[in-house]
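Data block below; observations after.
Throughout, residue positions are numbered sequentially from 1 according to the sequence presented.
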Amino acid sequence: MTALARLEGVFAHCFASSENARLVGGAAEPLYEPATSSGGCNILHYRDDYFASALHEVAHWCIAGPARRRQRDFGYWYAPDGRSPGQQRAFEQVEYKPQALEWYFARACGSPFRLSLDNLQGSSGQLPDNSDFALRVVAQARHWQQVGLPSRGELFFGALSREFGTGATVNALCFEPEELTG
């Protein structure tokens, strides 16, 4: 069984019955589609067959509250590569928590994590500075060690740790800025 099939299986085990949700790969772009009818299925699409994309989309889903989970793509906007500094700041404002949770999920699977600015060139044509964003992601990851992960995130993290045999626990992990900017 592939790592992606295992990941989809863990998601199904955790959320298929309780949340009527499925994780599905192969999409050209990630997308969350809430159920359109009573009894319909909520579908979380991840990009192509990218493991990191699946973890990232699940992180968004785990953080989204009930109102967001009733909206297509959680009600977020998307601006393509070449964002202005203001657009990039807005992106980072909604992305630091999902990326911190994705980092936990990656650790639970024994998979590498890479910070994503999702804006390779910025409006100036140069790589944007990610150091402040990286520090926010690290601070959020460390904060969750103190107060606990969001409930769906905690359930998924534990299930991933068991499925992938890492034995990872929230309090035993170490989150350092150098891992994201180095």
Between E95 and H60, a side-chain donor and acceptor under 3.5 Å: yes

Check: R47 side chain, A28 main-chain N or O, donor-acceptor pair, under 3.5 Å: yes

Sub-4.5 Å side-chain heavy-atom contact between H13 and E163: no

Exercise: identify the closest heavy-atom pair between F157 and A168: CE2-O, 3.6 Å

Close side-chain approach of L160 and L7, heavy atoms under 4.5 Å: yes

Sidechain-backbone polar pair: R162 side chain, G158 backbone, donor-acceptor under 3.5 Å: yes

side-chain hydrogen bond (donor to acceptor under 3.5 Å, both in side chains) assessment of E8 paired with Y46: CA-CA 11 Å; E8 289 177 10; Y46 61 92; 2.5 Å; yes

Side-chain heavy-atom pair Q145, L173 within 4.5 angstrom cut-off: yes

hydrophobic_cluster_shared for V10 and L155, side chain cutoff 4.5 Å: yes

P150 and C62, any side-chain heavy atoms less than 4.5 Å apart: no

Ionic contact status for E176 with R142, cut-off 4.0 Å: yes

Any Y50 side-chain heavy atom under 4.5 Å of H56 side chain: no

Cation-pi check, R152 onto F15 ring (under 6.0 Å, within 45° of axis): no

Side-chain heavy atoms of F74 within contact of R69, under 4.5 Å: yes

Heavy-atom closest contact (L4 atom, A54 atom, distance): CD2-CB, 4.4 Å

Parallel, tilted or perpendicular, as decided by the 30° and 60° cut-offs, for the rings of F113 and W103: parallel

Main-chain N/O of V170 paired with Y104 side-chain donor or acceptor, under 3.5 Å: no

Nearest-0.5 Å distance, CG of residue D73 to CD of residue E57: 7.0 Å

Connected via hydrophobic side-chain network under 4.5 Å: F11 and M1: no

Side chain proximity check, E92 to Y96, heavy atoms < 4.5 angstrom: no

Six-ring centre of Y76, R68 cation under 6.0 angstrom, axis tolerance 45°: yes

